[in-house]
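None of the values given here were measured: they were computed from a predicted structure. Any value given below was found using the heavy atoms of this structure, including those in side chains, with hydrogens, waters and symmetry copies removed.
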Amino acid sequence: LWEILQEDSHAPRLASRLSMTNFPVSKLSTAAGLVAASSRQSTEVRLFGRNLTRLPPLRTRGKFVDDLALDANGERLAVGTIDGQVSLYSLEDPEEAPTRLFRATCTESYMQTRSSSSSFGSFFSGFHFLPSGKLLVAVHGKGSGAALIDVDSSGALAAESKPWIC
C-alpha cells in the first residue's frame, strides 16, 4: 500500500507491504483507516485496520466476491457476488465480525442481460458510495447498465439504467 502525502510533492512512498498467500487480490477498498480486500477465487473478504492489523473476515456463504466498496466513514461495506447479489454489512465495531444489514438481488432484466454476456467474467464492473453514504452505485458488467441502491431503505432500487452498447 502506498502512502501519498499531500504536503510533500515527492513521489509516494511505500507505507506497508502485505502478503496474502493463496489469495490473489482482485479488489481493494479503503476508507477511514480500514482496508477491504477480495479475490474472485474466494468467498472471503479480508479486512484490515490501521497498520494493516487483521480484523475478523467476512464470508459470503459459497458465493465468490466480484466487487466491494467501503463507505467514506468505514462504517458500511457493500459486497457484490458473481451471481449479481449485493449485500450491505455493518462495520460499526471492526473488532467484531461484520453484520449483514440487507441483501438485494439484481432485477430480472439484468439477469437476462448478464446471461447473454457471461463471457466477460464478472457481474459487476464497479461499486461506489455517493458522498452522502446513502446511495450505492453498482455498475454491471460490460454493456449491462447500472443500479442506484438506497442503502438506508434496506436495498431498495432508487434508479436503474438500461443496458448500453459498447
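Between Lys134 and Asp150 there is no salt bridge, since no side-chain nitrogen of the basic residue lies less than 4.0 Å from a carboxylate oxygen of the acidic one.
A salt bridge (Lys or Arg N to Asp or Glu O under 4.0 Å) check over residues 70-81, counting only residues at least two apart or in different chains, returns the pairs Asp71-Arg76, Arg76-Asp152.
Scanning all heavy atoms of the two residues, the minimum distance from Ala69 to Phe129 falls at O-CE1, 3.4 Å. Scanning all heavy atoms of the two residues, the minimum distance from Ala31 to Ala72 falls at CB-O, 3.8 Å. Among all heavy-atom pairs drawn from Pro57 and Arg59, the shortest one is CG-NH1, 3.1 Å. When all heavy atoms of Leu34 and Gly49 are compared, the pair lying nearest together is CD2-CA, 4.1 Å. The minimum heavy-atom distance linking Pro56 with Glu95 is given by the pair CG-O, 3.2 Å. Nearest heavy atom pair, residue Asp67 against residue Ser125, reads OD2-C, 3.6 Å.
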Q: Decide yes or no on side chain to side chain contact (heavy atoms under 4.5 Å, CB included) for Ser39 and Val25, but give the supporting numbers first.
A: CA-CA 5 Å; Ser39 170; Val25 175; 5.9 Å; no

**Q.** side chain to side chain contact (heavy atoms under 4.5 Å, CB included) assessment of Leu135 paired with Val151
**A.** CA-CA 6 Å; Leu135 296 171; Val151 298; over 6 Å; no

Q: Check the pair Arg40, Phe64 against side chain to side chain contact (heavy atoms under 4.5 Å, CB included), reporting the backbone distance first and the verdict last.
A: CA-CA 6 Å; Arg40 285 199 178 103; Phe64 293 135; 5.7 Å; no

(Q) Go through it in stages, so that I can follow the logic: the residues are Arg54 and Phe48, the test is side chain to side chain contact (heavy atoms under 4.5 Å, CB included), and I'd like the CA-CA distance, side-chain angles, deciding distance and then a yes or no. (A) CA-CA 5 Å; Arg54 191 86 185 259; Phe48 302 89; 3.3 Å; yes

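For Lys63, the salt bridge (charged side-chain N to carboxylate O under 4.0 Å, His left out) partners at least two apart in sequence or on another chain are Asp83. The ring-ring contact (aromatic ring centres under 6.0 Å, His included) search around Phe127 returns Phe124, not counting sequence neighbours.
Across Leu91, Val45, Thr43, a single residue satisfies side chain to side chain contact (heavy atoms under 4.5 Å, CB included) together with Leu58, and that is Val45.
One distance of note links OG1 of Thr81 with CZ of Arg103; it measures 8.5 Å at 0.5 Å rounding. In this structure, Ile149 CD1 and Leu130 CG are separated by 11.0 Å, a value rounded to the nearest 0.5 Å.
At a threshold of 4.5 Å between non-hydrogen side-chain atoms, the residues Ser38 and Ser26 count as touching. Between Phe23 and Gln41 there is no side-chain heavy-atom pair separated by less than 4.5 Å.
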